[in-house]
Number of protein chains: 2
Amino acid sequence: MTDRPGGQPTATLDDVDRRILAELRADGRLSIRALAERVAISRANAYSRVERLTRDRVITGFRAVVDPAASGLSTSAYVTLTVRQNSWRALRAELETIPEVAHMALLGGEFDAILLVRAADNAALRTVVLERLQAIPGVLGTRTFLIFEDAENP
Amino acid sequence: MTDRPGGQPTATLDDVDRRILAELRADGRLSIRALAERVAISRANAYSRVERLTRDRVITGFRAVVDPAASGLSTSAYVTLTVRQNSWRALRAELETIPEVAHMALLGGEFDAILLVRAADNAALRTVVLERLQAIPGVLGTRTFLIFEDAENP
DNA sequence: TTTGAAAAATAATGACC
DNA sequence: GGTCATTATTTTTCAAA
């Protein structure tokens with residue numbers, strides 16, 4: 001059995017665990033009662049499994065999903081980065097200070113990294129790209145792809 | 001005041017609303033009590049505001065965040081699509097049937113669309129790209145960018 | 001909007017099978 | 001793992017200011 005960076009052993013999830021995760025991804029506010037009923041296990045079992053999954057960092061959090069447009073973020077874009085070094089840690093730390101960066105990924109291939117950026121409007125997007133991203137040491141270039149429409153799967 | 005597709009009027013969010021959204025994005029399981037305390041409003045006020053934000057679809061759901069790697073999805077990639085027509089609705093409907101597609105976006109620029117794909121392993125990713133995505137009518141080509149590491153912001 | 005009160009549901013724990 | 005019982009919290013609604 002291998003270990004993950006967090007130190008917890010890589011749990012082997014059984015079918016019940018997977019069903020619990022599916023239910024909680026669909027509705028993170030399910031009560032333990034309702035969860036246990038849907039997965040057809042006891043409340044105590046549901047309780048201990050959710051606790052274990054949370055402790056082992058399989059479940060990393062519970063979040064409200066907010067509609068970006070409805071909450072004032074009307075412009076979204078994917079921005080690819082070409083960077084000089086392999087200092088992903090430093091780059092990531094830098095990117096985490098930019099609230100408009102919703103998701104970041106280190107890539108293989110033509111682009112070194114790609115960012116999902118959500119901003120209030122085109123001007124704010126422009127500011128993020130030109131004044132924040134291109135100001136980061138090591139960032140050699142950016143390309144911006146405006147998002148016309150997007151959706152999560154579920 | 002404009003209307004959004006859903007039919008609800010575009011709510012003008014005040015500062016209290018924004019603080020509520022920030023708290024619930026950080027912890028979607030905050031009790032109304034704790035939320036009211038953190039935002040420094042009454043329970044009744046917190047209750048009615050969360051209800052309104054949910055009714056107006058500013059809050060679109062509550063989800064558990066599951067670590068893809070820890071839950072058995074060890075390979076992630078961004079896959080760009082070049083598509084023939086502008087039938088985004090049909091394409092989107094097709095993509096929604098592929099569970100490995102976590103996020104999809106219709107783009108402007110060199111690529112027509114981009115997908116965040118999370119699969120069990122490289123073989124599963126290959127199957128998704130070659131047998132599911134390239135089998136969709138109208139999809140002319142794909143490019144796959146493997147993700148070495150990724151993170152949400154918060 | 002706030003505060004207080006109160007009923008119903010749920011969380012959380014422990015004892016025991 | 002499951003079941004039962006118990007206590008603490010929270011939700012949810014209502015009334016009053």
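Only this structure's heavy atoms are used, side chains among them; waters, hydrogens and symmetry mates stay out. Throughout, protein chains are lettered first and strands after them, A, B, ... in sequence-line order, and every chain is numbered starting at 1. Computed from a prediction, not measured in an experiment: that's the story for all the values here.
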For nucleotides 14-16 of chain D, tabulate all protein N/O to nucleotide N/O atom pairs closer than 3.5 Å, reporting atom names and distance.
none

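Atoms CZ (B:R43) and P (C:dT1) sit 16 Å apart, rounded to a whole Å. Rounded to a whole Å, the OH atom of A:Y47 is 19 Å from the P atom of D:dT3. For the pair B:N45 CG and C:dT2 P, the interatomic distance rounds to 5 Å; values are reported in whole Å.
Along DNA chain C, the nucleotide nearest to B:D14 and the one nearest to A:E51 differ in position, and the one closer to the 5' end is contacted by B:D14.
Remark: B:R126 CZ is loosely packed, at most 12 non-hydrogen atoms of other residues, nucleotides or ligands lying under 6.0 Å away.
Shown for residues 28-40 of chain A: residues whose heavy atoms fall under 4.0 angstrom of DNA chain C, namely A:S31, A:I32, A:R33.
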Side-chain donor-acceptor contacts of residues 140-154 of chain A below 3.5 Å, not counting sequence neighbours, with atom names and distances?
unit_1 : atom_1 : unit_2 : atom_2 : d
A:T142 : OG1    : A:Q134 : NE2    : 2.8
A:R143 : NH1    : B:E110 : OE1    : 3.0
A:R143 : NH2    : B:E110 : OE1    : 2.7
A:E149 : OE1    : B:W88  : NE1    : 3.1
A:E149 : OE2    : B:W88  : NE1    : 3.0
A:E149 : OE2    : B:R89  : NH1    : 3.3
A:E149 : OE2    : B:R92  : NH1    : 3.0
A:D150 : OD2    : A:R118 : NH1    : 3.4
A:D150 : OD2    : A:R118 : NH2    : 2.7
A:D150 : OD2    : B:H103 : NE2    : 2.8
A:E152 : OE1    : B:R63  : NH1    : 3.2
A:N153 : ND2    : B:I98  : O      : 2.9
A:N153 : ND2    : B:V101 : O      : 2.8

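Of the candidate nucleotides C:dT1, C:dT13, D:dT12, C:dT1 has the atom nearest to the side chain of B:R49.
Between the side chain of B:D27 and the backbone N or O of B:R29 there is at least one donor-acceptor pair closer than 3.5 Å.
Aromatic rings from B:F111 and A:Y78 are positioned such that their centres are separated by 6.0 Å or more.
Side-chain atoms of A:T75 and A:N122 include a donor-acceptor pair closer than 3.5 Å. Defined by atom type and a distance below 3.5 Å, a donor-acceptor pair is present between the side-chain atoms of A:N45 and A:R49.
Using a cutoff of 4.0 Å between basic side-chain nitrogens and carboxylate oxygens, B:R19 and B:D15 are scored as salt-bridged.
A heavy-atom distance below 4.5 Å is found between the side chains of A:L81 and A:L115.
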